[in-house]
Protein chains: 2
Amino acid sequence: MAQLPTVEDVARLAGVSRQTVSNVINTPEIVRPETRERVETAVRELGYRPHASARRLRTRTSSTIGIRLDPLPRGISGAIQDRFLHALTEHAAERGFRVTLFTARDPQHEIEQYRSLRDGADVDAFVLTSTVSDDPRIEWLARERIPFVSFGRPWGAMGAHDVGDPERLWVDVDGRAGTALATQHLIGRGLRRIGFLGWPEGSGTGDDRRAGWGDAMRAGFPGIADAELAELSFETVEAVAAARVAVERHLADGLELEALVCVSDSVALGAMMAVREAGRPHFPVMGFDNTPVAQAVGLSSVDQRLDEVATSVLDLLLGATGRRVLPHGSGADPLGHRLVTPSLSCAGRVTWRPSRKPTAPRPAITSEKRKSNEQEDVDRRHRARRGRRCRAHRMFRWRRRK
Amino acid sequence: MAQLPTVEDVARLAGVSRQTVSNVINTPEIVRPETRERVETAVRELGYRPHASARRLRTRTSSTIGIRLDPLPRGISGAIQDRFLHALTEHAAERGFRVTLFTARDPQHEIEQYRSLRDGADVDAFVLTSTVSDDPRIEWLARERIPFVSFGRPWGAMGAHDVGDPERLWVDVDGRAGTALATQHLIGRGLRRIGFLGWPEGSGTGDDRRAGWGDAMRAGFPGIADAELAELSFETVEAVAAARVAVERHLADGLELEALVCVSDSVALGAMMAVREAGRPHFPVMGFDNTPVAQAVGLSSVDQRLDEVATSVLDLLLGATGRRVLPHGSGADPLGHRLVTPSLSCAGRVTWRPSRKPTAPRPAITSEKRKSNEQEDVDRRHRARRGRRCRAHRMFRWRRRK
DNA sequence: ACCCACAATTTGATCGATCAAACCCCGATT
DNA sequence: AATCGGGGTTTGATCGATCAAATTGTGGGT
């Protein structure tokens, strides 16, 4: 097999020097157009492709992003990581980046991997998922000044003040807007007794999603009593069976409900089983995550728009157009984060999608100041959605045959 | 920030030469033990880690495996790729390998990616998934003599004679044994009218799974009429709704059934919905893939044992113990493939697991010669399983409350 | 005492690219 | 006319490791 062509070969064929070839590839704008063309033809002719490892050795960059595969026993929502990975890989490729994977038993082991990957110039940056408050990994990466973005905002006591720090790069899905969207959809269908089935209080994500339901309820029914809202909201752990039992119990206890917004698809699936069983085949249930299961059983769900998340992650790492990872703490992005507004997917089809313009940052649930702003936002969206009812619930066929 | 230590630094500290350090790391057995220890201490002291890119440049290997993320709209079984990826990454790490991802719009684009990844010494080998018969990718990789293993045996006309070729490396799950296992389980519970709900004839995988059900039925009920088997087997496309309709129709048509073995979890989920709705809450349904959904709704399912698949892939690529990719067509493995026997998972818990010893190769469905062997196999397993009934169906609670 | 075989280690060259600095050429400046 | 400046290009050095060949050391055989 013939040797692969190198810059040297291209240079010889084009009658220029190594460096000029290199320039044509990396900074074409500084090469005289006619020389450039000559080199480009030579490249094509020989089928030259730069040797990635040689380049990395010299430049100490790899155009590669590392991401750890989540080791947790993933349930029904497991496909999320998969979808995100896909979106990230695809958009990374568009910008000349690749994604490499690794696994880790525990945070300490994970940090070792970071070190090893960085030292070998194997990756330029990391993407962190399933971060927890005061995550040791974040501490370490920040201290070492290794570029990274986390998918998931810094919740929790210490994280709370990091949310605004433009040096802490993160992307998250605006769960609050998502559940608000789902709730508005139900309100638009003329329902009033819309419940929320969430996780036990204390999880940032869960509380955020509950808040979105509250936003929409208050917006849709001005003056609704806090007591009524409290009555309509109840909780369960993240498991189909548990959710099912919770709904069964509340229905048995005489809770009047017309529809249910759920904190996740697992919970929604359990809820759906319970209401069907209670003889209410058309009772609308909304899930969250738009997992394959939801699509399969025809559950409406909030879609996280992981495509958008992936591009946002790259924007933060590389800048809007760049093809090189920005140094850690460069402050290149004025915000340092992106909050992606989810869309609503009815029985697997997207019915509503937010506009393309950059989403306004939304404060964490702990801060209450921008409330009025948000309310307006909700109202505007509510109006915008008119006339696009989704047929999910009519299409649903889980009912008992007569 | 201090420069990272290099071989040079370690050598100086240990009072030896570069090359000796290199030898300690790569071929420790040729270094005198006391020298080796001295170097090892120096390595620890400096926290030295070889620079991956430099090594790659020199050796033209990367200790990296490339895999394409499946672009197909994955349904309920989507998590399989995810789980496989996880297993592969984890076991690859144990052997000092990493996994990098890429995506591709079409086979042509995918081949371009192969070229680019190989030419840049970015990957040493590829793992192919969702292969089709006469896959152009396989042709190309083989022609270029790039090492690869496919997950999924070469089905189809042309593939059929590749199955035995030890130069074509592949790993697959023995679907036939899997459905046989599920069927035996039901037979063991004293059921007889056990149906099979499969995909339309013609898909290698689907036909194989159907055959496993046939094997077990014939073994369990010697002399069962072919007509009865034909009656018990029917088909549907891979979708929850379609499966549901198919089962509803057959039940309405008066098909007598006591249990159902299904070709996939999606299909099983549909079937389960249909039988529950028909008022038979304890009707056992067996799925295939052991997806999160199956676990969530308490469906028993055949588990593909992707861990085993991943280690098998690596065995084929690297040899039983090696840490370097074997050249394409080295014939290092006498078989050139592995057929992994799945296990049975009842309501999310594994009840039966095959012995650890290497699985005997199983012929593709097109060849019929080893039949008697297989029959024995089935019988032996059948006996081995005695006394380990799984409680899945008793635990199942999808029934209507009285 | 000499030579040889062999194990252990060292030395010089190399992988393919980019960086930093030097170079060349030509028009504008003084 | 000599100098300057700068765009465009070339040259030499370098990144950090491994390969291939050379070197040193050690003991055995004759």
Side-chain angles (χ1 to χ4, degrees), chain A residues 1-40 42-43 46-63 96 116 118-122 124 323-324, chain B residues 1-40 42-43 46-63 96 116 118-122 124 323-324:
Chain A
M1 187 164 53
Q3 275 274 59
L4 288 172
T6 72
V7 264
E8 199 74 56
D9 301 314
V10 177
R12 196 165 28 242
L13 180 60
V16 297
S17 71
R18 293 190 316 274
Q19 186 59 34
T20 301
V21 176
S22 172
N23 287 337
V24 168
I25 288 165
N26 299 297
T27 47
E29 67 277 8
I30 71 162
V31 180
R32 202 166 37 149
E34 74 187 59
T35 318
R36 194 191 314 164
E37 286 202 12
R38 208 146 29 99
V39 172
E40 277 164 353
V43 165
L46 296 176
Y48 167 78
R49 303 179 127 331
H51 193 288
S53 297
R55 173 182 280 171
R56 287 178 196 175
L57 172 59
R58 191 67 246 244
T59 63
R60 309 185 142 283
T61 68
S62 58
S63 296
S116 150
R118 195 269 315 258
D119 289 357
D122 270 326
D124 293 343
R323 296 178 70 93
R324 195 161 295 209
Chain B
M1 188 162 54
Q3 275 274 59
L4 288 172
T6 73
V7 264
E8 200 73 56
D9 300 315
V10 176
R12 198 167 22 244
L13 180 60
V16 297
S17 71
R18 294 190 315 274
Q19 185 59 36
T20 301
V21 175
S22 174
N23 287 336
V24 168
I25 288 166
N26 298 297
T27 47
E29 66 277 9
I30 71 162
V31 180
R32 201 164 39 146
E34 73 188 60
T35 318
R36 192 191 315 162
E37 286 204 11
R38 209 147 29 102
V39 172
E40 278 164 351
V43 166
L46 295 176
Y48 166 79
R49 312 182 74 61
H51 193 290
S53 297
R55 173 182 283 170
R56 287 176 196 176
L57 171 58
R58 192 66 245 248
T59 63
R60 307 184 145 285
T61 68
S62 58
S63 296
S116 149
R118 195 270 314 262
D119 289 357
D122 269 327
D124 294 341
R323 303 188 121 241
R324 194 161 297 206

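The chains referred to below are lettered A, B, ... by the order of the sequence lines, with proteins before strands, and numbering in each begins at 1. Only this structure's heavy atoms are used, side chains among them; waters, hydrogens and symmetry mates stay out. Since the model is a prediction, treat every value here as computed from it, not as a measurement.
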Enquirer: Within this structure, what is the OG1-CG distance for the pair B:Thr6 and B:Leu46, rounded to the nearest 0.5 Å?
Expert: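 Answer rounded to 0.5 Å: 9.5 Å.
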
Enquirer: Any side-chain heavy atom of B:Leu4 sitting closer than 4.5 Å to one from B:Tyr48?
Expert: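 The answer is no; the side chains never approach within 4.5 Å.
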
Enquirer: Taking the axis from the first five pairs and the axis from the last five, what angle separates them in the helix from C:dA1-D:dT30 to C:dT30-D:dA1, rounded to 10 degrees?
Expert: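 The two end axes of the helix from C:dA1-D:dT30 to C:dT30-D:dA1 meet at 60°.
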
Enquirer: Report the distance from atom OG of A:Ser17 to atom CZ of A:Arg12, rounding to the nearest 0.5 Å.
Expert: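 Taking OG in A:Ser17 and CZ in A:Arg12, the distance rounds to 12.5 Å.
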
Enquirer: Any donor-acceptor pair under 3.5 Å linking the side-chain atoms of B:Thr61 with those of B:Asp124?
Expert: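 Looking only at side-chain atoms, B:Thr61 and B:Asp124 do not form any donor-acceptor pair under 3.5 Å.
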
Enquirer: Once you round it to whole Å, what is the distance between P of D:dT18 and CD1 of B:Ile25?
Expert: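 Interatomic distance, CD1 of B:Ile25 to P of D:dT18: 7 Å.
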
Enquirer: Just how far, in rounded Å, is C1' of D:dT9 from CZ of A:Arg36?
Expert: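 Checked: the CZ to C1' distance equals 14 Å.
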
Enquirer: Below 4.5 Å, heavy atoms only, C-beta onward: do B:His51 and A:Arg60 meet side chain to side chain?
Expert: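 They are in contact (side-chain heavy atoms under 4.5 Å apart), so the answer is yes.
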
Enquirer: Rounded to the nearest 0.5 Å, how far apart are CZ of B:Arg56 and OG of B:Ser62?
Expert: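 Interatomic distance, B:Arg56 CZ to B:Ser62 OG, rounded to 0.5 Å: 5.0 Å.
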
Enquirer: Rounded to whole angstroms, how far apart are CG on B:Asn23 and C1' on D:dT23?
Expert: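 Rounding to the nearest Å, CG of B:Asn23 and C1' of D:dT23 are 15 Å apart.
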
Enquirer: Do the side-chain N or O atoms of B:Arg32 get closer than 4.0 angstrom to the phosphate oxygens (OP1, OP2) of C:dA7?
Expert: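 Checking B:Arg32 against C:dA7: no side-chain N or O falls below 4.0 Å of OP1 or OP2.
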
Enquirer: Working to the nearest 0.5 Å, report the span between CG of B:Asp122 and CZ of A:Arg49.
Expert: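 If we round to the nearest 0.5 Å, B:Asp122:CG and A:Arg49:CZ are 11.0 Å apart.
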
Enquirer: Counting primed atoms plus P, OP1 and OP2 as sugar-phosphate and everything else as base, spell out the protein contacts along nucleotides 11-17 of chain C at 4.0 Å heavy-atom distance: B, S or - for each nucleotide, 5' to 3'.
Expert: BBBBBBB

Enquirer: Can you tell me if A:Arg36 uses its side chain to pair, donor with acceptor, with the backbone of A:Val24 under 3.5 Å?
Expert: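 Not a single qualifying donor-acceptor pair exists.
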
